[in-house]
Each structure stands twice: as structure tokens, then as C-alpha cells.
Amino acid sequence: MRQLLLPLILVFAAGAAHAVPGTPGLNIYAAELSVGKFYRMDNKLHKYAANNIWKNFIMPDHYNGSLESVIAEHSDGSISIYFSNLEDLLLTVVKVAADHGLKVASLNIRSHGVPGGLWFPMDRAQLATVECSQWLNSSKLKDIEVYNQYYSPISKGEVIGLRAVAQNPGRHTCIVGAPEWKIIVQRHPELKKVFEAHSEINLLGSTIGLGRAGEVLNGTIASLLLNDRQAVVKSTVNFSLGDWSMPEGMGFWDYLSDPQLSKYSTTYPVLKKDREVAQKGTVRVTTFLKGQPFDKLVPDQTFLQFGQGIGRGPHPDVVQLPGFKERDTDPLPAPAEVRIPGTRLKAFRLNYN
């Protein structure tokens with residue numbers, strides 16, 4: 001069996017070594033490295049209030065740029081993890097749960113996304129490949145460069161390209177999708193025992209839950225890791241919003257019309273305020289029921305709330321949730337490349353279905 005050395009863990013921000021009394025387990029906030037830099041810059045420009053949920057993703061000033069996973073413990077018992085790849089993230093989750101003698105109540109993963117996937121390497125081996133060179137270069141950018149990329153508007157053609165990808169699941173460069181989650185969980189079966197019975201996994205990134213690709217990813221993660229009908233995986237079919245102006249949780253944006261897109265493209269890079277462009281969004285909620293993933297879409301949500309105790313936001317009893325028909329159900333040709341929202345970079349399609 002292949003062996004992997006656990007990453008070096010740097011612990012800082014002294015806090016409680018256990019979950020808040022009365023809560024079922026650990027709340028963990030995980031930020032891909034470049035996203036952690038965005039929040040560090042955003043916090044310097046607009047000081048986050050104590051009740052801002054995004055404060056848990058702010059990369060500490062003394063983080064040294066290492067690709068090793070880094071842990072921060074907070075006074076309320078929650079944990080932040082800054083990571084470079086899926087395997088190191090999940091192994092760090094296992095370590096944190098073991099160190100605290102608790103199971104995980106919520107795992108909130110903040111990263112850039114595309115339909116059916118999150119933008120970071122699967123493991124250290126993939127991190128070192130040419131396929132992930134764009135991601136590696138992005139992780140080394142200065143905070144202000146990451147920050148400015150976040151506010152670069154997306155075009156109509158790029159939106160349509162992402163919708164087409166959502167209808168035609170396939171593998172893209174340095175994107176962690178359903179096959180990569182399967183590989184890592186099969187490699188480390190102890191992951192199946194880490195999550196609390198009523199836990200939730202929140203995938204916090206643009207369009208991750210969109211279309212058939214999003215359905216497959218949510219369902220795969222629920223099948224691999226969750227063992228209770230009230231445990232859920234949540235993601236959004238829309239573009240995600242979550243800066244200083246939205247302390248309540250993750251908001252949403254999407255293309256509706258050419259005039260709306262024109263106004264967004266003109267004002268967003270200048271105002272740099274997510275709340276100014278926010279719309280109601282749709283959350284994909286998936287549980288594992290009777291041996292199968294059970295999937296529903298919940299429309300008209302103002303936020304995707306996370307890390308505030310299980311049962312908040314869309315109710316975990318997904319059997320009772322209303323259905324929702326996604327737009328653009330007619331087949332669209334899958335493009336060879338798609339823009340990764342929140343960056344100026346592209347993911348390239350490696351295989352076609």
C-alpha cells in the first residue's frame with residue numbers, strides 16, 4: 001500500500017481545544033491557499049467584524065508560503081485549515097478530529113470551482129505535474145494580485161461555456177471532481193469514520209453544483225463519506241459571492257440578461273462589493289438515503305449558510321424540499337476550455353463523454 005507522510009502542521013491562534021459545549025462536533029473551515037490570500041487582503045482593506053463568517057478563511061499574516069497544510073484553532077472551538085491539495089486537506093481533517101477526540105460536524109471548503117469540481121490538485125503527486133502548474137503559480141501570487149483577479153468580471157460566453165460543461169461531465173486540468181474524491185477516500189478508508197451522524201459538507205465555490213456534473217460530485221461525496229439521512233452535501237448552481245460585504249454566508253450571482261451583465265461588468269471591478277451584485281440563488285442539497293444519494297435543488301436562497309450548526313440554512317430533511325428545474329437543459333457542445341471564476345485562468349478539458 002502506498003504510504004504518504006502527513007504534512008507538517010503549524011498551529012497558531014491560541015483557542016479552545018474542543019468544540020463549543022452543546023455542539024455535536026467540530027466546525028472546520030478549509031481555504032485553498034490563494035483563497036486564503038484573498039481573504040487576508042480583503043480583511044486588510046475592510047476589517048472583518050467578529051460576526052463575519054468569512055473571518056474563518058483569513059490566512060494569517062505569518063503564514064510562510066509553504067505548501068504544507070496549516071491549522072488555526074479559534075476561541076470558539078472551530079478550526080481553520082489552509083491547504084494545497086485534497087489528500088492533505090482530508091488527512092489534516094482526520095488528524096484534527098483525532099487530536100480533539102471529536103467527529104466533524106461541518107466541513108466548509110472554500111475554493112474556486114467549475115461545475116462538478118474544485119480547483120486544486122488531488123494530491124502532492126498531481127501538484128507537481130504540468131497539469132497543475134497554473135494552480136501552483138496562482139498559489140504564489142501576492143495577496144493584491146489574487147484580490148484583483150477575484151473582481152475580474154466574467155463574460156456571457158464564459159458563462160455559457162460553464163453551463164455546457166455542467167451538462168457534459170468530464171475531466172479538466174487540476175480540477176478535483178468525483179473520480180478524484182473516490183481515489184482519495186479509497187486510499188484512506190479512515191475518512192469514512194470522521195464525520196458526525198448529522199454532519200454537512202459545504203462546497204463553497206462558483207457553479208460547483210451546476211447541472212449533471214454538480215449532481216454527480218455531490219452524490220459521490222455523500223455516498224463516500226456520509227452515513228445518515230440528515231447528513232448533507234451542499235453546493236450552488238450559481239456563481240458564488242463572499243467578501244467583506246456578506247458576513248452572513250455565501251451569496252449568489254448569475255447571468256440573466258445582456259443589460260444586467262453589462263451593468264455588472266462595469267460596476268463590479270470598481271465597487272468591489274459582492275452585495276451590490278447579489279441575487280437569489282439555488283442550492284443543491286444531497287444526502288445518502290437507502291444506499292443511494294438523494295438530490296434536490298432549493299431555489300430562492302439569499303445565502304448558503306455554513307459552519308453555524310447543523311440544520312441551519314436549507315433543512316437537512318431533503319425529502320421534503322421543493323424541486324427545481326435548471327436552466328439550459330438543451331444539450332450544449334462542451335468547450336475545450338473554461339474560465340475558472342474568480343481568476344483570469346482557464347481549465348482545459350482532458351476527456352469527453
Side-chain angles (χ1 to χ4, degrees), residues 13 28-49 52-67 69-72 74 80-85 89 108-114 117-121 132 134-154 158 174-176 202-208 235-236 238-253 264 267-278 303-304 306-307 339-347:
I28 297 178
Y29 304 90
E32 173 268 326
L33 295 182
S34 66
V35 169
K37 289 185 176 183
F38 166 80
Y39 284 109
R40 182 165 64 185
M41 188 74 229
D42 198 37
N43 182 53
K44 289 177 180 176
L45 296 173
H46 309 93
K47 187 65 177 178
Y48 283 23
N52 191 318
I53 194 67
W54 300 107
K55 72 181 186 301
N56 298 295
F57 298 96
I58 298 170
M59 183 178 285
D61 284 336
H62 56 284
Y63 171 68
N64 63 6
S66 168
L67 294 176
S69 293
V70 174
I71 298 173
H74 306 295
S80 293
I81 300 173
Y82 305 89
F83 68 94
S84 65
N85 64 86
L89 166 62
N108 309 287
I109 305 175
R110 181 63 165 163
S111 81
H112 301 295
V114 299
L118 301 95
W119 187 52
F120 48 79
C132 288
Q134 281 196 121
W135 179 89
L136 184 61
N137 291 336
S138 180
S139 74
K140 297 177 181 178
L141 291 176
K142 295 179 180 178
D143 292 13
I144 188 62
E145 294 173 313
V146 174
Y147 178 83
N148 287 334
Q149 281 198 76
Y150 178 89
Y151 290 107
S152 55
I154 195 164
E158 289 165 337
C174 212
I175 297 294
V176 171
N202 294 308
L203 307 177
L204 307 171
S206 291
T207 69
I208 291 172
S235 58
T236 178
N238 309 104
F239 294 87
S240 64
L241 300 173
D243 68 359
W244 63 276
S245 67
M246 305 193 78
E248 302 94 334
M250 191 176 81
F252 314 99
W253 178 88
Y264 155 78
T267 61
Y268 190 51
V270 177
L271 295 177
K272 292 183 170 65
K273 186 178 182 182
D274 282 2
R275 207 173 198 95
E276 292 293 327
V277 300
F303 302 102
L304 193 166
F306 53 93
R339 161 90 170 273
I340 300 167
T343 79
R344 296 191 180 97
L345 304 173
K346 294 181 179 180

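Start at 1 with the first residue, then count along the sequence.
Shortest non-hydrogen contact noted between Pro341 and Val114 is CD-CG1, 4.4 Å. The two residues Asn148 and Arg344 come nearest to each other via the heavy atoms O-NH2, 3.8 Å. The two atoms that bring Gly249 and Phe303 nearest to each other are O-CD2, 3.8 Å, heavy atoms only. Summarising the geometry of Phe57 relative to Asn108, their closest heavy-atom pair is CE2-O, 3.7 Å, with the distance given to 0.1 Å.
Between Asn85 and Leu67 there is no side-chain heavy-atom pair separated by less than 4.5 Å. Counting heavy atoms from C-beta outward, Leu33 and Tyr82 have side chains that approach closer than 4.5 Å. Residues Ser84 and Pro121 fail the side-chain proximity criterion, which asks for heavy atoms closer than 4.5 Å. Contact of the Ile340 side chain with the Trp135 side chain is not registered, since no non-hydrogen atoms from C-beta on lie closer than 4.5 Å. Between Phe38 and Asp143 the shortest side-chain heavy-atom distance does not fall below 4.5 Å. Taking the side chain as every heavy atom from C-beta outward, His112 and Ser34 approach each other to under 4.5 Å. Within the 4.5 Å cutoff, side-chain heavy atoms of Met250 are placed close to those of Thr236.
The backbone N or O of Leu141 lies less than 3.5 Å from a partner atom in the side chain of Lys37, making a donor-acceptor pair. Remark: the backbone N or O of Leu204 is paired with a side-chain donor or acceptor of Arg110 at under 3.5 angstrom. Proximity of a side-chain donor or acceptor of Asn56 to a complementary backbone N or O of Ile53 within less than 3.5 Å is detected. No side-chain donor-acceptor contact under 3.5 Å links Asn202 to the backbone of Ile109. The main-chain N or O of Ser240 is found under 3.5 Å from a side-chain atom of Ser206 such that the two form a donor-acceptor pair.
Checked against ring-ring contact (aromatic ring centres under 6.0 Å, His included), Phe252 has no partners two or more places apart in sequence or in another chain. Remark: Lys44 engages Asp61 in a salt bridge (charged side-chain N to carboxylate O under 4.0 Å, His left out) (not counting sequence neighbours). Under the side chain to side chain contact (heavy atoms under 4.5 Å, CB included) criterion, Ser111 pairs with Glu32, Leu118, Phe120, sequence neighbours left out. Every residue was checked against the salt bridge (charged side-chain N to carboxylate O under 4.0 Å, His left out) condition with Lys272, not counting sequence neighbours, and none meets it. Applying the salt bridge (charged side-chain N to carboxylate O under 4.0 Å, His left out) test to Asp274 and every residue at least two apart in sequence or in another chain returns nothing. Applying the salt bridge (charged side-chain N to carboxylate O under 4.0 Å, His left out) test to Arg275 and every residue at least two apart in sequence or in another chain returns Glu248.
Ring geometry for Tyr268 versus Tyr150: interplanar angle of 30 to 60°, hence tilted.
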As a quick check of understanding, evaluate side-chain contact (heavy atoms from CB on, under 4.5 Å) for Asn43 and Trp244, giving each step before the final call. CA-CA 7 Å; Asn43 182 53; Trp244 63 276; over 6 Å; no
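To the nearest 0.5 angstrom, Asn137 atom CG is 11.0 Å from Cys132 atom SG. Here the straight-line distance linking atom CD of Glu276 with atom OG1 of Thr267 works out to 7.5 Å at 0.5 Å rounding. The CD1 atom of Ile81 lies 5.0 Å from the CD1 atom of Ile28; values are rounded to the nearest 0.5 Å. Put simply, CD on Gln134 and OG1 on Thr343 are 7.5 Å apart, with the number rounded to the nearest 0.5 Å. The CE atom of Met59 lies 14.0 Å from the CE atom of Met41; values are rounded to the nearest 0.5 Å.
Here Trp54 and Tyr39 bring their ring centres to under 6.0 angstrom of each other.
Side-chain contact annotation: Tyr151 with Asp243, donor-acceptor N/O pair under 3.5 Å present.
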